[in-house]
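Contents: one structure, followed by commentary.
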Amino acid sequence: MIYIVRLFIIVLIAMLMHGCSQGDRASVSQPPSQGLKEIFQEDFLIGAAISKMHIEESDAEAASVIEAEFSSLTPENEMKWMYIHPGVDSFYFDVSDQYLALAEKLDMHVVGHALVWHSQLAEWVEEVKDSAEMARHFEHHINTIVSRYKGRIDSWDVVNEALNEDGSLRESHFYELMGENYLEHAFKLAAAADPSAELVYNDYNMWKPEKRAGAIRMVKRLQESGAKIDAIGMQAHWSLVGPEIEDIEASILAYAALGVKVMFTELDVTALPNPWDLEGAEVSQNFEGSPYMNPYPESLPDSMQLKLAERYEDIFRLFLKHSDKISRVTFWGVNDGHSWLNNWPIKNRVNYPLLFDRAFQRKKAYDAVTKLKRK
Ligand code: 9MR
């Protein structure tokens, strides 16, 4: 009898231990109970740029990560002029309507990107040579799109990349035909079409002292003209080594001092070599590839994952320090496979710039940024 009781106790203990270890294993592989949007809820919105495939919800894994992790969406391409206004009098709203429907279904903060940009313009716009005619198309463009989504787009990137690196104004098609006033005009038209939308000036390399000075001049001119500008979007296409945290911080402080919000609208960190020291996101810069320039075609080595994690940690430490001035941090893509950085400035490389890998696994960088909130 004693033998049977002993045996029973041993079997019971073994079963309990087995159960525990199963539980431990399960809890390790289970997703965290909170996504990024909850973890940073008190600090800022956490967004992702999504492409047509995400808008159509054709990838179930992507759809569930988007829903669980993010509180804000930006359409990566679908609202750009060439897609949404392809002919003089023709607008194409099918995908942007779908984008709005998805964002509303998921109860997201909704960003519109981008009303006025020199790049990804429809060809017919480049052919307009008359100032008055350009002004008419410009007004028609902004009025039609902003009014269509009135009360539904929370935040509009009204003007994108209007500054040169030295802080002067880019001589875009709009600038050449309409003069510097096109900026003020764009913000005033957008405000009139949807008074409740937040209006943003968005650009890359906004940490650079000369560009920062130009942006400050531009915002002050807009404010003096009576135009409403609510925020500066710092795109944040960065690398493992630059920009310096101090430069980013100086820009956060300088823009906030203008009375506008600061947002990081297109965050990614390239893990690949950049021998030309390119900075920013000038999409017309393209170079030949080579194996040397694509060193991690299969996977990112642990040592590099760690560097990426440390860089993201430094960046988020800064964001948290200034969370009173920062209203949104948006990643430019959902997982590494979606990133435009697999094709810029060299086509067909394998890059690793985001917090989720190609299989939607959370990377060390994800743990590094969320750890800042768990301390
Ligand atoms: O990520 C976008 C990529 O898919 C497009 O091919 C590219 C074309 O211009 O635009 C990319 O997004 C840009 C954004 O709209 C504005 N800032 C720079 C981004 C990266 O180029």
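Both counts, for ligands and for their atoms, begin at 1 and track the order of listing.
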task: Could you tell me if the ring centre of Tyr99 sits under 6.0 Å from that of His113?
output: no

Proximal ligand 1 atoms for Trp340, defined as those under 4.0 Å from one of its heavy atoms: 1 (O), 20 (C), 21 (O)

task: Flag the pair His137 / Trp81 as yes when their ring centroid distance falls below 6.0 Å, and as no otherwise.
output: no

message: Against the six-membered ring of Tyr312, is Lys363 placed for a cation-pi contact (under 6.0 Å from the centre, within 45° of the normal)?
response: no

statement: So for Asn77 against ligand 1, with non-hydrogen atoms under 4.0 Å, the contacting part is side chain

- prompt: Is the distance between the ring centroids of Tyr204 and His237 under 6.0 Å?
  reply: no

field: Per-atom contacts, ligand 1 versus Glu161 - under 4.0 Å to a heavy atom
entry: 16 (C), 17 (N), 18 (C)

- prompt: So between His237, Lys80, Met82, whose heavy atom ends up nearest atom 13 (C) of ligand 1?
  reply: Lys80

- line: Quick note on ligand 1: atoms under 4.0 Å from a heavy atom of Asn160 include exactly 16 (C)

field: Close approach of Trp344 to ligand 1, heavy atoms, under 4.0 angstrom
entry: no

- prompt: Can the ring centres of Phe356 and Tyr366 be said to be less than 6.0 Å apart?
  reply: yes

message: With nothing but distance in play, are any N or O atoms of Trp117 less than 3.5 Å from an N or O of ligand 1?
response: no

- prompt: Which of these passes ring-ring contact (aromatic ring centres under 6.0 Å, His included) with Phe264: Phe40, Phe319, Phe44, Trp332?
  reply: Phe319

